[in-house]
Amino acid sequence: MQYQSTRDQSIVVSASEAIVRGLAPGGGLFVPQEFPAADLEAWRALPYDQLAAQILRLYLTDFDPDFLARACAETYGAPFGGKAGQVARVAEGLFALELWHGPTCAFKDYALQLMPKLLVQAKKNLGRTEKTRILVATSGDTGKAALAGYAGLDGIEIEVFYPNAGTSEIQRLQMATQTGDNVAVYAVEGNFDDAQSGVKRVFADEAAARELAGRGICLSSANSINWGRLAPQIVYYFYAYFRLVEAGAAAWGEPVDFCVPTGNFGDILAGDYARRMGLPVGRLVCASNKNNVLADFIRTGVYDKRREFYKTTSPSMDILISSNLERLLYHLTDSDGKVAAWMRELSETGCYTVDAGCLAALQRGFGCAWADDEAAARKIRELWQQAHYLCDPHTAVAFCAAGAQRTAAPMVVLSTASPFKFPRDVLAALAGTAPAGDFEAMAALTQATGCAAPESLRCLQQMPVRFTQVLPPEKIRAAALR
Ligand SMILES: *Cc1c(COP(=O)(O)O)cnc(C)c1O
């Protein structure tokens with residue numbers, strides 16, 4: 001299996017190279033040249049880690065299958081406490097795929113606990129011996145998940161940039177308390193797009209690359225633009241489908257809809273990839289918060305980021321430039337020329353419009369809906385009162401969108417974070433008010449619901465804060481070259 005750039009089909013690389021490079025030269029993203037066929041019968045009874053290994057070996061064809069099996073067993077076994085891919089029934093025909101049972105309590109653990117192992121192995125596959133410096137722009141969850149995945153690994157350093165005051169207290173502490181000699185964490189003045197644009201500029205900066213190369217350092221990314229992030233996310237769509245069939249909630253071969261709380265479009269794109277491999281996925285519903293650029297795009301075909309940016313209670317979806325959408329546009333059009341032109345328009349004017357054929361193909365596979373903070377809070381309360389199901393604000397946005405987009409098919413909502421990562425907002429949704437501190441709110445939320453907070457979040461209060469530096473976006477380059 002080879003990978004090509006969304007902006008230049010003549011750039012073709014192996015899986016290892018796609019993972020080591022992150023971005024393609026010229027700013028494109030690497031996509032698989034074809035989609036391997038799923039073997040649904042053979043896969044339906046596999047435990048999560050074995051299913052992951054089976055799917056990944058079809059994409060990572062220059063990796064040793066035994067290595068993949070070991071890496072998946074290590075990643076999805078003990079660290080997920082036997083709850084990888086757990087599906088909860090919420091109501092008749094409505095399910096939550098709980099993706100937050102990993103070490104940092106967000107779905108990003110699925111990719112970021114595995115990806116470091118893939119990167120170290122990819123470098124071996126390619127005979128590369130330089131040091132890899134990972135730069136990450138994060139709206140909250142990616143940062144911690146990446147730090148946890150890369151901390152202490154040989155030959156790798158990681159630097160994380162998050163928007164100052166753009167994350168919850170818990171998210172900030174998760175990052176600022178990270179241990180390990182090879183990690184650095186910076187707050188950036190501005191919002192997530194400021195942090196992401198700053199990091200992207202460093203990746204595109206040839207002088208910076210030359211200077212680092214002179215010191216034996218090569219830059220790489222852990223953002224969801226990296227193929228190594230995306231591939232592991234395909235697995236849980238299959239796993240959830242098999243669990244629904246097993247529970248008698250879906251008929252074998254009949255479609256199941258999925259609703260995904262979306263920011264950078266990585267999670268939902270993985271669902272599209274599962275569908276392209278042959279999983280009976282009906283509609284993929286893209287759920288946005290008030291930063292509804294994607295919902296507008298799917299409705300109209302106009303991507304227009306020239307709009308007010310809102311800080312919401314679902315910060316990991318506070319995104320106006322949704323990077324992985326580029327991959328979908330490429331698959332829908334099969335045209336590197338069109339994609340390159342649209343992406344150029346986006347960076348020059350902040351807006352582009354896709355053609356009618358592309359829009360029709362998009363709307364065949366994807367629905368969309370959005371919900372503001374008030375609607376999400378009402379949904380949190382409603383789900384708790386009616387179903388005794390507790391969810392976080394990102395997941396609540398998706399439950400709102402799922403309600404608006406239900407068909408006759410069973411609906412699986414991807415639950416992307418533990419409610420205890422956002423305890424003040426969740427408690428306020430249930431009780432009307434919440435204490436000022438996240439940790440007081442965590443205790444009160446447990447008291448109100450009887451649900452226990454994950455130990456990895458409770459213990460943050462006692463951990464020493466290591467990183468406090470705040471940078472203006474123009475200093476990101478200097479920090480990355482330190
Ligand atoms: C990252 C994240 C999302 C958005 O996922 P994308 O792949 O960026 O679309 C949604 N919810 C939570 C909790 C997240 O951490």
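Both counts, for ligands and for their atoms, begin at 1 and track the order of listing. Given the structure is predicted, the values throughout are model-derived calculations rather than measurements. Both backbone and side-chain heavy atoms feed into the values below; hydrogens, waters and symmetry mates do not.
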Margin query: Geometry only, no angles: is G266 polar-contacting ligand 1 at N/O separations under 3.5 Å?
Written below: yes
Legend entry - ligand 1 to D267 polar contact by distance, N or O atoms, under 3.5 Å: yes
Closest to atom 9 (O) of ligand 1 among protein heavy atoms sits G263 N, 2.8 Å
Going by the order shown, which atoms of ligand 1 are within less than 4.0 Å of some heavy atom of [X]?
X	value
D141	12 (C), 13 (C), 14 (C), 15 (O)
T262	9 (O)
A417	13 (C)
K108	1 (C), 2 (C), 3 (C), 14 (C), 15 (O)
T416	10 (C), 11 (N), 12 (C), 13 (C)

- Query: Do Q178 and K144 have side-chain N/O donor and acceptor atoms under 3.5 Å apart?
  - Reply: yes
Between F161 and V188, the two heavy atoms sitting closest are CB-CG2, 3.8 Å
Next on the checklist: So is F107 touching ligand 1 or not, going by heavy atoms under 4.0 Å?
Outcome noted: yes
Going by the 4.0 angstrom heavy-atom rule, the piece of F265 near ligand 1 is backbone
